[in-house]
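Heads up: numbering here begins at 1 and tracks the sequence.
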Amino acid sequence: MDCRVMRTGAQSTLVLIILFVLAGCASTPLASVPLAERDSIAANLTRDINRLASDEFGGRLPGTPSEKLTLDYIADGFRAAGLESGTNDPGNAWRAPVRLVRTRPLASRVAIFRDDEEVGFSGEAGVAFTSRRLALIEQGDVIFVGYQSEAVAEERVTGKIVVMLGEPGASPARREALFGKNPAAIITVVDDLLAMAEIRADRDRERWLLASDENDGVSAYVANNAFAEAIGTELWNALREEAEQPGFDARDLDIKARVEASSQRRDFVTYNVIGRLPGTIPNSGAVLMLAHWDHLGECGDDAAGDLICNGAVDNASGIAVMLELARRLSASEPFDRDIYFVATSAEEAGLLGARAFVDEPPVPLDTVVAAFNFDTMAVAPAGSSVGFVGEGRTPLDSVITEIMAGAKRELGNRDFADSFLQRLDSWILLQEGVPAVSLSSTFGSEITISAYLSERYHQPGDEAGTIELGGAIDDLLLHEELVRRIADTTLYPANGG
């Protein structure tokens with residue numbers, strides 16, 4: 001509909017037409033602040049998103065030169081808003097280190113020695129992976145554990161090559177338990193070549209991990225028929241049958257194995273940025289806000305002439321909303337509780353910055369009374385329904401629904417919002433018992449986000465010129481009201497009552 005008003009001869013008719021057209025064409029914003037104030041908020045969000053999503057920032061990939069620009073911009077924004085460093089570490093003001101490892105498989109070889117004859121497996125039938133630059137076990141002793149892990153004594157497997165039977169869903173936990181007993185390597189025998197292809201598709205790519213999580217063991221995988229042929233079909237069938245019997249005990253085999261793997265590796269340090277708005281009542285708990293600053297760097301097609309994935313929506317918009325909240329809250333009277341603002345790194349690589357935060361939090365996690373995650377904020381128009389990610393999992397539901405009702409906000413599709421639960425930094429906090437949620441118009445309905453996901457998500461097209469700020473401003477004001485309530489110990493006691 002064209003929202004311009006047509007001329008008419010009767011003044012009363014003109015007034016009615018104007019009112020009707022404005023009601024039909026405008027997305028009525030929340031009435032919580034005047035329109036001029038919304039315009040001011042929009043200008044601040046636009047400025048921050050334009051800067052963070054500019055080509056100069058290079059797509060904000062951790063461990064690249066663009067990281068320093070990003071960290072400086074956020075820390076300067078926190079400082080200008082009146083926050084103080086929230087790291088509780090004078091040696092790392094504003095910036096909390098996140099130690100990472102990036103690895104990409106290069107080559108591998110898996111072989112069995114039987115009667116002094118080496119039987120190697122083709123790339124389709126056998127593969128090995130390590131996070132080390134080179135791992136080599138030339139002729140290791142072999143022990144077969146079947147489906148066991150916890151029951152195997154550590155002294156039985158230490159220094160040996162462990163052969164285990166693969167079982168979808170259960171194998172990862174078994175491998176982790178066995179690696180805790182210091183084997184030289186683990187060979188998992190999987191069903192067939194199709195299973196091998198799935199493993200290569202999953203593992204034969206660059207991986208990012210926290211240095212503290214690194215397992216320097218060697219994981220190998222071999223297809224069942226190939227392994228049977230290598231050690232002898234009769235022996236292998238007997239071993240598999242034994243593994244199915246009650247009381248099965250791990251069995252040392254009269255064979256040796258070779259496992260070799262190499263990888264391209266980089267160790268580096270990235271940073272979370274943490275600011276704090278001090279509260280006035282010590283030991284009354286804290287409110288936490290977080291948003292990830294990182295994106296993908298250059299991920300476009302060189303032939304298309306646009307390499308940089310700028311990440312305007314994902315997640316310059318979340319950082320911009322958090323910065324504006326810092327300004328608005330800091331300009332208020334002091335709050336009872338501390339309010340922390342955390343810009344996390346390496347979210348795109350597996351929520352790694354959030355994991356580093358919970359590993360070494362600047363405030364005890366059990367004192368955080370509420371945490372709010374801002375991610376992918378600038379998609380929905382004003383007046384959109386709210387996606388409540390984490391509903392039903394924290395004591396925050398009642399205060400959230402009460403304030404939403406006061407702001408005349410409606411809940412969106414619950415199932416759709418819940419589908420994002422494990423994809424957001426708030427999931428890491430939630431797993432540690434922190435009441436953490438994400439409230440965003442973006443996740444209110446599949447219709448709202450579908451065009452963004454199909455056309456711009458993790459693509460060069462996620463640029464500042466494509467953002468929609470109506471819903472982001474609604475969400476910012478909703479969070480401001482929530483934080484004001486929860487940071488007040490009289491309005492929101494520590495037990496959420």
Side-chain angles (χ1 to χ4, degrees), residues 29-45 47-48 74-88 93-94 273-291 318-343 361-364 367-374 377 394-396 398-409 434-437 439 472-497:
L30 295 177
S32 55
V33 299
L35 285 175
E37 190 170 345
R38 287 181 69 96
D39 290 343
S40 175
I41 294 170
N44 290 339
L45 295 179
R47 179 194 64 233
D48 290 335
I74 297 169
D76 288 347
F78 284 167
R79 193 180 292 107
L83 307 187
E84 62 182 39
S85 170
T87 62
N88 286 339
W94 301 103
V273 186
I274 307 177
R276 181 173 76 107
L277 188 60
T280 59
I281 301 180
N283 303 316
S284 61
V287 180
L288 173 66
M289 286 180 277
L290 68 160
I319 292 293
V321 167
M322 190 168 67
L323 285 171
E324 181 67 0
L325 275 169
R327 298 180 194 109
R328 293 175 66 84
L329 292 169
S330 182
S332 305
E333 293 296 321
F335 296 95
D336 295 342
R337 293 188 168 107
D338 290 342
I339 303 174
Y340 281 83
F341 300 81
V342 184
V363 58
T367 67
V368 178
V369 297
F372 300 100
N373 192 143
F374 305 102
M377 304 296 291
T394 75
L396 298 171
S398 58
V399 67
I400 289 171
T401 53
E402 178 189 341
I403 290 177
M404 281 183 56
K408 297 181 172 56
R409 302 293 304 275
V434 177
V437 300
L439 303 166
I473 296 171
D474 289 350
D475 296 338
L476 184 153
L477 295 171
L478 175 65
H479 281 91
E480 183 177 354
E481 196 64 33
L482 278 165
V483 173
R484 290 182 184 280
R485 170 78 67 88
I486 294 172
D488 187 319
T489 56
T490 60
L491 298 177
Y492 193 85
N495 62 6

Salt-bridge test for Arg327 and Glu324: reply yes if a basic N is under 4.0 Å from a carboxylate O, no otherwise. yes
How long is the span from the CG atom in Leu277 to the CD atom in Glu84, to the nearest 0.5 Å? 8.5 Å
Could you tell me whether the side chain of Leu439 reaches within less than 4.5 Å of the side chain of Leu482, counting heavy atoms only? yes
Do Phe372 and Leu478 touch side chain to side chain, with heavy atoms closer than 4.5 Å? no
Under 4.0 Å between a side-chain nitrogen and a carboxylate oxygen: does that hold for Arg328 and Glu37? yes
Is the closest side-chain heavy-atom distance between Thr280 and Phe335 below 4.5 Å? no
With side chain to side chain contact (heavy atoms under 4.5 Å, CB included) as the test, would you mind laying out the steps for Tyr492 and Leu396 before giving the verdict? CA-CA 10 Å; Tyr492 193 85; Leu396 298 171; 3.3 Å; yes
Do Arg484 and Leu329 have side chains that get closer than 4.5 Å, going by heavy atoms? yes
For side chain to side chain contact (heavy atoms under 4.5 Å, CB included), just list the numbers for Phe374 and Leu325, CA-CA rounded to whole Å, side-chain angles, deciding distance to a tenth of an Å, and then say yes or no. CA-CA 11 Å; Phe374 305 102; Leu325 275 169; 3.5 Å; yes
When you look at Leu290 and Tyr340, which way does the side chain to side chain contact (heavy atoms under 4.5 Å, CB included) test go after all the steps? CA-CA 8 Å; Leu290 68 160; Tyr340 281 83; over 6 Å; no
Working to the nearest 0.5 Å, report the span between CD1 of Ile319 and CD1 of Ile74. 4.0 Å
So Phe78 and Phe341, would you call those rings parallel, tilted or perpendicular, with 30° and 60° as cut-offs? tilted
Can you confirm whether Ile473 sits close enough to Leu45 that some side-chain heavy atom of one is under 4.5 Å from a side-chain heavy atom of the other? yes
Using 0.5 Å steps for rounding, measure from the CG atom of Asp336 to the OG1 atom of Thr490. 6.5 Å
Val321 vs Asp475 side-chain heavy atoms within contact, under 4.5 Å: no
Nearest heavy-atom contact between Thr87 and Pro362 is O-CB, 3.9 Å
Quick one: do Asp338 and Val363 satisfy side chain to side chain contact (heavy atoms under 4.5 Å, CB included)? Show the steps, please. CA-CA 10 Å; Asp338 290 342; Val363 58; 5.8 Å; no
In sequence, state the C-alpha distance, the side-chain angles, and the governing distance for Asp474 and Arg38, and then conclude on salt bridge (charged side-chain N to carboxylate O under 4.0 Å, His left out). CA-CA 9 Å; Asp474 289 350; Arg38 287 181 69 96; 3.0 Å; yes
How many angstroms lie between OG1 in Thr489 and CD1 in Ile281, if you round to the nearest 0.5 Å? 3.5 Å
Any salt bridge between Glu481 and Arg485, counting N to O under 4.0 Å? no
Which pair of non-hydrogen atoms, one from Pro435 and one from Pro395, has the smallest distance, and what is that distance? CB-CD, 4.0 Å
Where the side chain of Arg337 meets the backbone of Ser284, is there a donor-acceptor pair that is under 3.5 Å apart? yes
